[in-house]
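Here's the structure, in structure tokens; my notes come after.
The chains referred to below are lettered A, B, ... by the order of the sequence lines, with proteins before strands, and numbering in each begins at 1.
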Amino acid sequence: MYGDLQLNGPDYLMLGFDRELRRHGFAGNTCQIVLKLGVAVSPDALMHRLAQLTVSHPILNARPAGCIWPKWKLPSVPQAPQVRVHRGNSPSRELLNEPLDSRRGQLMRFDLSDDSEGRQTLTFTWLHALMDAPGAEHFLACVGNEDMVLPSPPAAAPRPQPPLRERAKLAWKYIHHLDELCKAAPKSIGVRHPSAPAELRHRVETFDAADTARIRANASQLAGLLGDAQFHAATALCELHRLRDRLGCASPSYVLPLAVGLRAKGSINPVFSNELTMLMMQLLPPQLDSTAVAIAALKQQLEDALRGGLIESGRQLGLLFRFLPIPLYMAMAKQGLRGEICSLFFGDTASVNPRLSNFLGAPVEDFTHIAAVTPSPGLGVIFYYFRGLLKMTVVHSTRVFTDAETTEFAASLRQRLLQP
Amino acid sequence: MTDVREIESSLLDFMRREVFAPDLELTAETDLIASGFDSMSLVRVLLFIETSHGFWIPQGEINAETLKNIRSLAATVVRLRA
């Protein structure tokens, strides 16, 4: 069996956000995948499968340890993840969002709830520091399909690294990029409702086949082939600016950390890792008056970022920051953009893993991604396709936006996607 | 003919090295999009073409036919370079 495992840079960043969220009274940086199952699966079968996987993969029960040299501390006697069964009434959102006790190795949880028609809802909650959304989809597919082999965690040193001096130079390039963004520094929306309970709420928008086709055609026309994510991001930023302008808190600029997947295409490995880097995009209000202009600005920044080697720079920055204590890391990250390192949490996970069409023999009728957002920006949107239909989850913090404001944002966003 | 083969070969090398997983059996006829090629991969490849051939393929030329596989992409590079 493998020994303790190092966290990589993005894992560490996600752990930092976990502590930040807990510090503000929220449950932490956890994500959820919700499966609507056509028939109920046996809780015993799920527990048995998880017990099998925990023996072969004790990381499921690891705990984060080490401030200067962060790692997953693997248990000598691993315990399978918790499975909670809710019979009768649907479990409350508060119950489903209960914090994971990661310090005791609780990195994930499964909640099963039956409905009166024999269907079942499975809510899978996991600590983002353990894995990103594609990793979680693949992990869940492995849990639900016994013929699939769950990959082992990544090796400690997955790829050769340049000399330290070169790495520091690359990392510095990224910091310089952040300094450039500071020339039009964003203004944080802050916590508008500090006395509101610390809750994360979400709403899910599903587009039917006709609307999905229309949105894809719009994306193709404005952002070109494979431009769906850029179209979604630009549209969401335009609507964010519109909302904040209406609320009287428009920003001189909006920063969007665009997650770039680092997994080689055609491969899911490794599962237990955040294989991503953040490219910081920045749009100014005049660029957000029109979706087409916003897309053009994003495309140009993306090309410039790749041309300037910012993906590797961001990766090296993450690797170096890994060795700093988390509070210092968060302070440095925030200082870089004068308090605003993200104006909108944005995710686009593309098509759901095709093996999640069934789970332990039950057909998966619906699929939802839910993520956590920090109190500022307090708003996030995730796009994904399930069975070819576009879905969008809008998450908000009750301390920053009201339900009515978020509902308006989601409705306007939907409309703009259809008619950019 | 040699030219298009050389370009095809260099694109194949680049994509094997920088885009796709090493265990994927990538050939000049592999369906790129079905194999996971995405918008970020596209920008990387466009940058590679710009660096090695001196021009940027305009967005209007990027369509399903061009990105069908490495062979069709190489043919587009040759046509635009002519």
Checklist outcome for this item: Turns out that what part of B:Leu47 lies under 4.5 Å from chain A's heavy atoms comes down to side chain
Checklist outcome for this item: Okay, B:Leu46 and chain A: the region with an atom under 4.5 Å from a heavy atom over there is neither
Item to check | B:Asn63 CG to A:Ser220 OG distance, which is reported to the nearest 0.5 Å | outcome: 9.5 Å
Checklist outcome for this item: Smallest heavy-atom separation, A:Gly224 atom then B:Gln59 atom, equals N-NE2, 3.4 Å
Next on the checklist: Using side-chain heavy atoms (C-beta onward) and a distance below 4.5 Å, is B:Met40 in contact with A:Leu302?
Outcome noted: yes
Next on the checklist: For chain A, which candidate among B:Leu24, B:Ile62, B:Thr66 shows the most heavy-atom pairs at distances under 4.5 Å?
Outcome noted: B:Ile62
Checklist outcome for this item: Note: B:Ala21 and A:Ser267 closest approach over all heavy atoms is CB-CB, 3.3 Å
Item to check | Side-chain touch B:Leu67/A:Leu226, heavy atoms, less than 4.5 angstrom | outcome: yes
Item to check | A:Ala223 versus chain B, the contacting section by heavy-atom distance below 4.5 Å | outcome: backbone
Checklist outcome for this item: Residue from A:Leu306, A:Ile311, A:Asp228 scoring the most non-hydrogen pairs under 4.5 Å with chain B is A:Leu306
Next on the checklist: Is the shortest side-chain heavy-atom distance between A:Lys265 and B:Phe37 below 4.5 Å?
Outcome noted: no
Checklist entry - If we only count heavy atoms from C-beta on, is the B:Ile33 to A:Leu225 side-chain gap below 4.5 Å? => result yes
Next on the checklist: Other residues, nucleotides and ligands only: do more than 12 of their heavy atoms fall within 6.0 Å of NZ on A:Lys299?
Outcome noted: yes
Next on the checklist: Does A:Gln221 have more than 12 heavy atoms from other residues, nucleotides or ligands lying within 6.0 Å of its CD?
Outcome noted: no
Checklist entry - So what's closer than 4.5 Å to chain A heavy atoms on B:Glu18: side chain, backbone, both or neither? => result neither
Checklist entry - Is it the side chain or the backbone of B:Asp38 that comes within 4.5 Å of chain A heavy atoms, both, or neither? => result both
Next on the checklist: Heavy-atom cut-off 4.5 Å, strictly under: side chain, backbone, both or neither for B:Ser35 against chain A?
Outcome noted: backbone
Next on the checklist: Can you tell me if A:Trp172 has over 12 outside heavy atoms packed within less than 6.0 Å of its CH2?
Outcome noted: no
